[in-house]
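Data first, discussion second: the structure below is written as structure tokens.
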2 protein chains.
Amino acid sequence: MGIAERKEREKGERERRIVSAARMLAERDGWASVTVRRLAQEIEYSQPVLYAHFENRDAIVGAVALEGFGELGPALRASVQPSATPSEAMKSVAIAYLEFAFERPALYEAMFILPTGLRFAKSDTPQVLRDTFGAMLAVITPFRDDAELATETLWAALHGLAELERHGRIRAAFREQRVTQIVAMFSA
Amino acid sequence: MGIAERKEREKGERERRIVSAARMLAERDGWASVTVRRLAQEIEYSQPVLYAHFENRDAIVGAVALEGFGELGPALRASVQPSATPSEAMKSVAIAYLEFAFERPALYEAMFILPTGLRFAKSDTPQVLRDTFGAMLAVITPFRDDAELATETLWAALHGLAELERHGRIRAAFREQRVTQIVAMFSA
DNA sequence: AAAAATATCTAGCAATGCTATTTTGTCAAT
DNA sequence: ATTGACAAAATAGCATTGCTAGATATTTTT
């Protein structure tokens, strides 16, 4: 039955092309430009084919978001030098988080802002999501007993910093100082 | 020249009806349901009339957002009891902020998430926005020299708490505890 | 009363997400 | 090789969107 396997392989391959086309277009022209028609054109298939892979447009955004989580966790971990002190580690993670948000805005949008149909903080939370959470948890644990709660709070603070700055609500020039404030508070 | 004035009055009145229809529909059915056609129907004028008042749909969202800022500032100030200690005051403001976000989700969305074309943290920032910022600044000043910076950071933290919870990224049941954490950190 | 300016509407464009229907391609059984 | 069943994919279309050009009605000015 190698035929069925080949077909499955081809379908998987096509799915990857859809997701990476979506990501590329979003990063280049913004999510509003990511239309099902344009994606179809990009992968050289007709429009309805995409609906054999994804229930709707939101699900495509969700697939890109998942890719993003697959990268954010490792990026946070990689930012920490082995020789770093606990509070240096926390600062590295915080800065890496914001860099991720600002350097891949479309990816970040898919992960945290756009409707995607993904589930979180529930029993069915995918492993990549737990991993990302874990990367932040790791640098907080040395400082706090309520590490899980504190991770949620730190995450929220970083997310807020990223979003308000992206929308021009707070002064971009003071980013570093705000991060310093936050980290100082959490590592006290 | 009472005629011109009457016309201006009528135009202003109509504009208010557009904005409040938009707000009502958004709060009831979500922003996706706020279409220019539906608004036109609501105010009993044809569609192009709305473009005599607002450049485009985003500008209507922006008008609702401005209304929101006009209410958020006072709501934050009103939450503080005259007898409150400085740290009680800060906690009241933080809780009032989150209540605002959760009880008027569509309004909050217009203010902080959707594209609106409004400008912030710039010289042309409208007074209502400065007022809202001022309400937070007031409760931070007793604790910090760098009050303006700290206000930005606190604001970001609260915004992040609201957004991550709204998207189901963090556990709703622990909202109170996260607020307590944040306030403790800023009033230390 | 006629002309000019203003206000408003009708009708339509191009684009969107999504889907019913038709066509094309693949493969096994004859 | 031919045929018929099944799966894959394309065409064509629906309903909806934001927005606008062009036609019509309504005031205001002359």
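Per chain, numbering begins at 1; letters A, B, ... match sequence-line order. What's counted below: heavy atoms across the whole structure, side chains too, no hydrogens, waters or symmetry copies.
Spacing between atom CG of L39(A) and atom C1' of dA15(C) amounts to 15 Å, rounded to whole angstrom units. Between the CD atom of Q41(B) and the P atom of dT10(C) there is a distance of 13 Å, rounded to whole Å. Per the geometry, CD1 belonging to I43(A) stands 15 Å off P belonging to dA8(D), to the nearest Å. Atom OH of Y45(B) is separated from atom P of dC9(C) by 7 Å (rounded to the nearest Å).
Taking the charged nitrogens against the carboxylate oxygens, R104(B) and E71(B) do have a contact shorter than 4.0 Å, which makes a salt bridge. Salt-bridge check for K91(A) with E176(A): passed, with a basic side-chain N closer than 4.0 Å to an acidic carboxylate O. In this structure, E152(A) pairs ionically with R178(B), as a charged nitrogen and a carboxylate oxygen lie closer than 4.0 Å.
Contact annotation: R38(B) reaches the phosphate of dT17(D) (side-chain N/O to OP1 or OP2, under 4.0 Å).
Between V34(A) and the options D29(A), L39(A), V64(A), a side chain to side chain contact (heavy atoms under 4.5 Å, CB included) holds for only L39(A).
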What protein N or O atoms touch nucleotides 18-21 of chain D N or O atoms at under 3.5 angstrom, if any, and at what distances?
unit_1  : atom_1 : unit_2 : atom_2 : d
dG18(D) : OP1    : R57(B) : NE     : 3.1
dG18(D) : OP2    : V36(B) : N      : 3.0
dG18(D) : N7     : R37(B) : NH1    : 2.9
dG18(D) : O6     : R37(B) : NH2    : 3.1
dC19(D) : OP2    : Y51(B) : OH     : 3.0
dC19(D) : OP2    : R57(B) : N      : 2.8
dC19(D) : O5'    : Y51(B) : OH     : 3.4
dC19(D) : N4     : Q47(B) : OE1    : 2.8
dC19(D) : N4     : Q47(B) : NE2    : 3.0

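Within the 3.5 Å criterion, the main-chain N or O of W155(A) finds no donor-acceptor partner in the side chain of H159(A).
Annotation: F69(B) is in aromatic contact with F112(B) [ring centroid separation under 6.0 Å].
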